[in-house]
K.L.:
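Mind having a look at this structure? Questions to follow.
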2 protein chains.
Amino acid sequence: MPKIVDKEKMREGILEAFLNTLLKYGFHNSSMTKIAQEAGIAKGTLYLYFDSKESLISTMTKQHFSKVKERLVATKYFDSLDELLNHIENSLLISKEDTEFIPIFFEAFGASFSSPKFIDKYRDFFNEIGEFYAKNLQLLMDSGSIEKSINPVALGRVLVSMLDGIVLHKGFFSMEKDAYEEMVKESVGLFRRGLIL
Amino acid sequence: MPKIVDKEKMREGILEAFLNTLLKYGFHNSSMTKIAQEAGIAKGTLYLYFDSKESLISTMTKQHFSKVKERLVATKYFDSLDELLNHIENSLLISKEDTEFIPIFFEAFGASFSSPKFIDKYRDFFNEIGEFYAKNLQLLMDSGSIEKSINPVALGRVLVSMLDGIVLHKGFFSMEKDAYEEMVKESVGLFRRGLIL
DNA sequence: TATTATAGTGACCACTTGGTCATAAAAAGG
DNA sequence: CCTTTTTATGACCAAGTGGTCACTATAATA
């Protein structure tokens, strides 16, 4: 007898509306009322599907970072420098959606940057990627494919910082496609010459 | 007949108290009342010296970035790769104060990240530093000190992104001194091998 | 010490916005 | 078509906080 709705579909629809609102107004100017309007529902209904605004943004962020990590950490290690560089290049050529999410993320969580728990989460995130690179660099060193004088752990971690820096600047300063691709090309070239035996 | 105070000293004292408050509570939890208390004055007095909270943070940010730029853009170009690398290394070894300011900056201005005017300002800032590097790379190419196949403009700009990435990660994730110095060493080594002829 | 221009104070206001809840609407089934 | 369970609604509330202003205090001068 009861009215039935597909809750999962509703949540997805709301998240989509949320993203649209974020892109239009930013996080702090996306009031729950606006988000509800964009989703074509009332504010109260919004709260039937998400506990809070925090829940909305954290759900979206979780999804985002899970996608990002999938792209940044390969399932296997690369056997040659070229493959690793190719992977790095792909990591740098991020999608429009991922780019757009960057300023949103900083706006939404700016206030959390003083929270150790929050910082820990992202430290772990980047450390894990750094360890992936570290291990891969070690393997390439062992197989004699790259420079032997490096410290793979430190270099792996700093590589991640560099890549993040490039991506962040892309996200913040919305560079032109051609200019950015040229930058990516130069980075990869620099890395190649800097790593090759 | 009137009561006289040193307004400049007052402003400096307030800015100092403001920074202390920021370090303790972050930006959004530093209410004007708290800031005034830390400065040992009443809230109303605060408004005699600064028009708004925005004015406080923007004054502090201006001072900060002006110092940073001074450090990142040398007054002259470097004649050798070693000098340039040395400059890069110094740029990466930022002070504790500068490190601490990073999360504060992102917290305070998170909400401004959707404002084109705000973004433009920082795009200009980084572009200028990028151009400094571009020009210096060009000079070193001309003098035959470094790799000739590079695109100095693109590489200059991407170098800035990389350096910023490293510094940001230091600021966000407060790395241990030794580990960070090792990372800096690896970066400089990578740059050297990647640039040298 | 009285005068007066400057500086200091903190209770109060205005406004925004996340979140609630009493009430209404919808739809599935008997 | 009536009942019942689920779903939807939006006026309203609570809380935080930047900023104001009428009033008080201070100190330099005459």
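Labels below follow one simple rule: chain letters A, B, ... track the order of the sequence lines, proteins then strands, and each chain is numbered from 1. No hydrogens, no waters, no symmetry mates; every other heavy atom, side chains included, goes into these values.
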K.L.:
Apply side-chain hydrogen bond (donor to acceptor under 3.5 Å, both in side chains) to B:Thr75 and list each qualifying residue two or more places apart in sequence or on a separate chain.
P.N.:
none
K.L.:
Give a yes or no on whether the ring-centroid distance for B:Phe172 and B:Phe106 is below 6.0 angstrom.
P.N.:
yes
K.L.:
Measure from CG on A:Leu48 to P on C:dC21 and round the result to the nearest Å.
P.N.:
13 Å
K.L.:
Assess A:Lys53 against A:Phe27: is NZ or CZ under 6.0 Å from the centre of the six-membered ring, and within 45 degrees of the ring's axis?
P.N.:
yes
K.L.:
Can you check the B:Phe50 CZ to C:dA7 P distance for me, whole Å?
P.N.:
15 Å
K.L.:
Of the nucleotides D:dA8, D:dA28, C:dG8, which one has an atom closest to the side chain of B:Ile4?
P.N.:
D:dA28
K.L.:
In whole Å, I'd like the distance from the CD1 atom of A:Ile35 to the P atom of C:dT17.
P.N.:
11 Å
K.L.:
Could I get the full list of side chain to side chain contact (heavy atoms under 4.5 Å, CB included) partners for A:Lys7, not counting sequence neighbours?
P.N.:
A:Val5, A:Tyr49
K.L.:
With sequence neighbours excluded, tell me which residues meet side chain to side chain contact (heavy atoms under 4.5 Å, CB included) with B:Ala42.
P.N.:
B:Thr45
K.L.:
Whole angstrom is fine here: how far is it from CD1 in B:Ile41 over to C1' in D:dA25?
P.N.:
15 Å
K.L.:
Could you check how far NZ of B:Lys3 sits from P of D:dA27, rounded to whole Å?
P.N.:
5 Å
K.L.:
The side chain of B:Thr45 lies closest to which of these nucleotides: D:dT6, C:dT9, D:dA8?
P.N.:
C:dT9
K.L.:
Specify the separation, in whole Å, of atom CG of B:Leu46 and atom P of C:dG10.
P.N.:
13 Å
K.L.:
Using the side chain to side chain contact (heavy atoms under 4.5 Å, CB included) criterion, which residues pair with A:Thr59? Sequence neighbours excluded.
P.N.:
A:Arg11, A:Leu15, A:Phe50, A:Ser55, A:Gln63
K.L.:
Among all residues two or more places apart in sequence or in another chain, which pass the side-chain hydrogen bond (donor to acceptor under 3.5 Å, both in side chains) test with B:Arg71?
P.N.:
B:Asp98
K.L.:
Using a 4.0 Å heavy-atom cut-off, does B:Lys34 contact any base of the nucleic acid, only the sugar-phosphate backbone, or nothing at all?
P.N.:
nothing
K.L.:
Once you round it to whole Å, what is the distance between P of C:dT17 and CG of A:Leu56?
P.N.:
16 Å
K.L.:
Base, backbone or nothing for each nucleotide of nucleotides 12-19 of chain D, written B, S, -, heavy atoms under 4.0 angstrom, 5' to 3'?
P.N.:
-----SBB
K.L.:
To the nearest angstrom, how far is A:Lys9 atom NZ from D:dT7 atom P?
P.N.:
16 Å
